[in-house]
There are 2 protein chains.
Amino acid sequence: MAGIPIRSPADIGALIRDRRKALGLDQAALASKVGVSRLWINQVEQGKPGANLGLVLRTLATLDIALSIAPQKDVKSDDAVTAPDIDAVIDAARERREP
Amino acid sequence: MAGIPIRSPADIGALIRDRRKALGLDQAALASKVGVSRLWINQVEQGKPGANLGLVLRTLATLDIALSIAPQKDVKSDDAVTAPDIDAVIDAARERREP
DNA sequence: TTTGAGTGTAAGCGATGGCATACAATTCAG
DNA sequence: CTGAATTGTATGCCATCGCTTACACTCAAA
């Protein structure tokens, strides 16, 4: 249930849209509550990649959506975790970026 | 563990910084892996509110951090959930914005 | 102390975001 | 079907982002 991963601006957009509709708000109403323009809500819901992080977080807060961390791999917080592991992890992450 | 809430750009910044250090990377190394400037990483870690959403998500992905939803209140997805409840929720959220 | 890596800050520039306004397209009640 | 509400798109302006370059600050190792 809480396992929906947020990977892209489009994910955020879909999330916002779904929640907005679930609350019975239209774009204009949400916009005024968040303090942005209706156009901005519209574009963000469509996955605008360059959207302002702070405004997005405010929008989520307004919709009572709480983001949290779903740790994928943990790190031995003990001693030096240097190169080898990390590069593999990061390469995998990079590939996942734009398939 | 997975309950750390993400509310503000500063939260994102702290998250990125902690994870970067846990992975033994410096700002420059992370920047080049993400494909942004070192300066940008620096500012985001300090909580830059206007940061580019897409770049932030790419940074999180590079660090293998997965965001997910922690639903606060659910909505009777049945019929119209209109004004009363919502406004209270939203007002509270607004107040939380800039105290 | 000195040296160096890592980090924080500044100035200027090109690119882009967010805005208002206006107008199509779509959806939905009547 | 008609008309209103909601959503999508276009244009232009101004503010701000992200970049490069450059330099100061901190701190740990030599």
Side-chain angles (χ1 to χ4, degrees), chain A residues 8-63 75 77-83 86-87 90 94 97-98, chain B residues 8-63 75 77-83 86-87 90 94 97-98:
Chain A
S8 65
D11 290 342
I12 300 267
L15 177 61
I16 290 176
R17 169 159 303 186
D18 290 349
R19 184 71 170 175
R20 170 177 65 79
K21 293 200 166 178
L23 291 173
L25 299 169
D26 62 19
Q27 294 176 344
L30 176 57
S32 82
K33 284 175 196 286
V34 175
V36 296
S37 69
R38 180 186 69 84
L39 188 56
W40 186 84
I41 295 289
N42 188 336
Q43 320 237 63
V44 168
E45 286 187 353
Q46 292 178 57
K48 182 174 199 176
N52 180 311
L53 175 65
L55 296 180
V56 169
L57 292 177
R58 263 170 49 188
T59 304
L60 295 178
T62 300
L63 292 170
V75 172
S77 58
D78 206 304
D79 54 348
V81 176
T82 37
I86 303 165
D87 277 338
I90 294 201
R94 284 205 74 116
R97 260 173 47 195
E98 265 104 13
Chain B
S8 65
D11 291 342
I12 300 266
L15 176 61
I16 290 175
R17 169 159 303 186
D18 290 349
R19 184 70 171 175
R20 172 178 63 79
K21 293 199 166 179
L23 292 173
L25 299 168
D26 62 19
Q27 294 177 345
L30 176 57
S32 83
K33 283 174 196 287
V34 175
V36 296
S37 70
R38 180 186 71 85
L39 189 55
W40 186 84
I41 295 289
N42 188 337
Q43 321 238 60
V44 169
E45 286 187 353
Q46 292 178 57
K48 183 174 197 173
N52 179 311
L53 175 65
L55 296 182
V56 170
L57 292 178
R58 262 171 49 189
T59 303
L60 295 179
T62 299
L63 292 170
V75 172
S77 59
D78 206 301
D79 55 346
V81 176
T82 36
I86 302 167
D87 277 337
I90 294 203
R94 285 205 73 118
R97 261 173 46 195
E98 265 104 11

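Every heavy atom of this structure was used, including side-chain atoms; hydrogens, water molecules and symmetry mates were not. Letters A, B, ... are given to chains in the order of the sequence lines, protein chains preceding strands, and every chain is numbered from 1.
- Between the CG atom of B/Leu55 and the C1' atom of D/dC19 there is a distance of 12 Å, given to the nearest Å.
- Side-chain atoms of A/Gln46 lie closest to D/dT9 of the nucleotides D/dT9, D/dG18, C/dT9.
- A/Arg58 contributes a side-chain N or O that, together with a main-chain N or O of A/Val34, makes up a donor-acceptor pair within less than 3.5 Å.
- Side-chain N/O atoms of A/Arg17 include one lying less than 4.0 angstrom from OP1 or OP2 on D/dG8.
- Distances shorter than 4.0 Å separate some side-chain N or O of B/Gln27 from OP1 or OP2 on C/dG8.
- Projected onto DNA chain C by closest heavy-atom contact, B/Asn52 and B/Leu39 fall at different nucleotides, the more 5' of which corresponds to B/Leu39.
- When distances are taken from the side chain of A/Lys48 to each of D/dT7, D/dC19, C/dG17, the shortest belongs to C/dG17.
- Listed pair A/Arg38 / D/dT9 fails the phosphate criterion, with no side-chain N or O lying under 4.0 Å from OP1 or OP2.
- Side chain of B/Asp11 to backbone of B/Ser8: a donor-acceptor contact under 3.5 angstrom is found.
- Across B/Pro9 and B/Lys48, no two heavy atoms sit closer than the pair CB-O, 3.8 Å.
- Using a 4.0 Å heavy-atom cutoff across all strands shown, B/Ala28 reaches no nucleic acid atom at all.
- Looking at heavy-atom distances under 4.0 Å, A/Asn42 makes contact with a base.
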Checklist entry - Yes or no on side chain to side chain contact (heavy atoms under 4.5 Å, CB included) for A/Leu15 and A/Leu60, after CA distance, side-chain angles and deciding distance? => result CA-CA 9 Å; A/Leu15 177 61; A/Leu60 295 178; 4.2 Å; yes

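- Proximity of B/Gln43 to the phosphate of C/dT9: no side-chain N or O atom is located under 4.0 Å from OP1 or OP2.
- In this structure, B/Ile41 places its CD1 atom 13 Å from P of D/dT20, rounding to the nearest Å.
- Spacing between atom CD of B/Glu45 and atom P of C/dT9 amounts to 12 Å, rounded to whole angstrom units.
- The main-chain N or O of A/Leu25 is found under 3.5 Å from a side-chain atom of A/Arg20 such that the two form a donor-acceptor pair.
- Regarding A/Asp26, its CG atom lies at a distance of 11 Å from the P atom of D/dG8, rounded to whole Å.
- Look at CG on B/Leu30: it is 14 Å from C1' on C/dG6, rounded to the nearest Å.
- In this model, the phosphate group of D/dT6 is not approached by any side-chain N or O of A/Lys21 to a distance below 4.0 Å at OP1 or OP2.
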